[in-house]
Each structure stands twice: as structure tokens, then as C-alpha cells.
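Whatever order the structure lists them in is the order used to number ligands and atoms, beginning at 1. All residue numbers refer to positions in the sequence shown, counting from 1.
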Amino acid sequence: MDIEATVAAIGAGDRRALGRAITLVESVRADHRAQATELLQRLLPDTGQARRIGISGAPGVGKSTFIEAFGRHLIEQGLTVAVLAVDPSSARAGGSILGDKTRMPFLARHRSAFIRPTPAGTTLGGVARRTADALLLTEAAGFDVVIVETVGVGQSEIAVADLVDTFVLLLSPGGGDDLQGIKRGIMELADIVVVNKADGALADAAGHAAADYRAALALMRPKIPEWPAEVLLASALNDTGIAETWDAIQRHRDALGNRLADLRAGQATRRMWAEVHDSLVDALRQDTQVKPLLAKVERAVGAGEITPSAAAAKLVGAFRRG
Ligand code: GDP
């Protein structure tokens, strides 16, 4: 890849160049990784201006329908929107449901929108890194809003919440049942909770669910004192609560104020350490001194012959000497 040409093309908003660059950052090949690193470093000064929004929820809660309506609303405000869809479960299912362009037909066709599924990854860390890189690329391409969509399976929300400025949790009007099903930790990540499907026969249940979530959130410590999480009602199907969600996101941004820079700095630093951690562990596992010990030491720990910390010290010691 011609890095200079790609930098220029992405800066000019060339979608195909953006698509190819995302493919490059997703690659695990060493030469691709080196090119991707160079490309991202070159584009870094052109990043950071977008609103980074995470939208998460269980399958069937209405994410596609919601993002389609929400994206349309943003486009009507004159904004451009990129949607990066993360679906770690598709790694196991062997395909990407999120890749299906018919999920968001309006956005898929509109020139102010860009939709990109993150391909199945083997590790959550890998998925998070690729999504973080793809997010930077879409910013360099000039998108005003980047939505990172994730399917609610616990760990992935935590990773995605750490990539965005505002994390929106979509819930369905299941009320009490749902509340038990949702891990408290995920509720704690939410800046905004949207109870979707607040329409027709589900309208009453949605109202009750929203009250339950408000009560639950009131018992949790807000992420920042200036912003106790808000609970909204929406119907993605009927296009209600969509403008209100965008309004809440804007107010959340205002509440963050100068903290936004700190938030992003913290996220970037955590990602750096996560990568340092992953590469060191990789190097250790591949090390010629360590490799022959691994199975034996693991077995000894499993059999209770050596403590986990003594075993770790042994492996790290062998790595240091190696
Ligand atoms: P996803 O799996 O979270 O992406 O959910 P989808 O957007 O595919 O929606 C799942 C189902 O819920 C579909 O049958 C949608 O038509 C329906 N749905 C989505 N939003 C709403 C809504 O606001 N109200 C109602 N009644 N149904 C909805």
C-alpha cells in the first residue's frame, strides 16, 4: 500500500481508500501491521474530532432499527455518520450477522453514512484494538459521528465502552426480568439507557421498565458526578425518542466538558498497556527458554505441586534469562 496516497485519499473522504485502510488495520500479517502502524501514525493529527458513541444491547433489542433511525436523524441534521459494528459472537458462529447490509438499508445507501462490520476476531483484545484503529481511520476520513455498535455479551460492552465518549445501553421493556439478566457492571457503564420498543402493546411495560432502571441506577455511583445516567424511552420503529437520545448525548458531552480529553487520554493509555501486555505474553510464550517449560509448569500448578505465583516467577525468570 502506498501510505502517502492513502493518507491523502482518506483525508479527501475517499470511501474505498477508507475501506482498504480498515482491512489493513485488521490484518494480522506482520508487514501489514507495520504499514498499519505507519498509516495510523501519519493520520493521527487528523483524528479526534468525531463524537464517539457506543451503542450496545442484547440481540433482538432493536439495535439495527435504532441505529438506522438514529443515523437518519443525524444525517437530517447535516452530519455524517460511520457505524462500526462489533460482534464477537460471530467469531464463534462463523459469520457476521452484522455484516448484512440489509440491516440498515437507509444508512447502507446514503452517501453521508459508512457501515463497516468488524470481522470476527479470536480475542476480545484483538477486536477492541482493530475497532479502535478503525475508529481513528473513520475520524481521519472526516466523519462527524462514529457509532460503535456491539452485541451485548458482557465483555464486549466493557471493551467498547472504553473506546467511546458516550455509552448508550439499549434495553427492551422486559422490566424486572431484564434487570436481573443485565449485569450490574454493564448498567454502571451506561451514560444513557434507552428503553426501546416503547410503543403499542409494549408502551406500558416500557414505562415500568424505565422506572425500574432509574431506581436501579439511582443506587449506583455515576461515572462522573456531573452526569447521573439518564433513562429514556424510544421506539426505533415509530421514530420516537431518537432526537431525544441525540439531545441527551449532546448534554452528556457538555457535562464531560474538559474531562473529555482526560477520558480519551485514559482510554489511549489503557490500550497501550493492553498491547504491551499482549505482546509481552506472546513473546514469552514463544521464547525458546520458556516454551519447553510451559506444559510442565502448567501441569504442576494444576496438580497443586507449585503455587501459581511461584510458577509465574519461574516462567518470567526463564524469559528474562532467555
Ligand atoms: P438487533 O438484533 O438488536 O439489531 O434488533 P433489530 O433491530 O434487528 O430488531 C429486532 C426486532 O425488534 C425486529 O423484528 C424489529 O422490527 C423489532 N423492533 C426494533 N425496534 C422496535 C421498536 O421500537 N418497537 C417494536 N415494537 N419493535 C421493534
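In summary, the side chains of D144 and T80 do present a donor paired with an acceptor at a separation below 3.5 Å, with no hydrogens or angles considered. A side-chain N or O of T23 and one of R116 form a donor-acceptor pair less than 3.5 Å apart.
Each of the atoms 2 (O) of ligand 1 lies under 4.0 Å from some heavy atom of P59.
Ligand 1 lies nowhere less than 4.0 angstrom from a heavy atom belonging to G57. Contact annotation: G200 has no heavy atom less than 4.0 Å from any atom of ligand 1. Distances from ligand 1 to the non-hydrogen atoms of A234 include no value under 4.0 Å.
Of the polar atoms of L237, at least one N or O is found under 3.5 Å from an N or O of ligand 1, judged by distance alone. Residue-to-ligand polar distances place G62 within reach of ligand 1: an N/O pair is separated by less than 3.5 Å. Below 3.5 Å of separation, one finds no N or O of E149 facing any N or O of ligand 1.
Between R103 and E68 there is no salt bridge, since none of the side-chain N atoms of the basic residue sits less than 4.0 Å from a carboxylate O of the acidic one.
In this structure the side chain of E230 reaches within 4.5 angstrom of the side chain of R251, judged on heavy atoms. In this structure the side chain of E26 reaches within 4.5 angstrom of the side chain of I22, judged on heavy atoms.
Using cut-offs of 30° and 60° on the angle between ring planes, the pair H110 and F106 is tilted. Using cut-offs of 30° and 60° for the angle between ring planes, the F114 and F143 rings count as tilted.
By heavy-atom distance, the residue among G241, S64, A236 lying nearest atom 23 (O) of ligand 1 is A236. By heavy-atom distance, the residue among T65, V61, D199 lying nearest atom 19 (C) of ligand 1 is T65.
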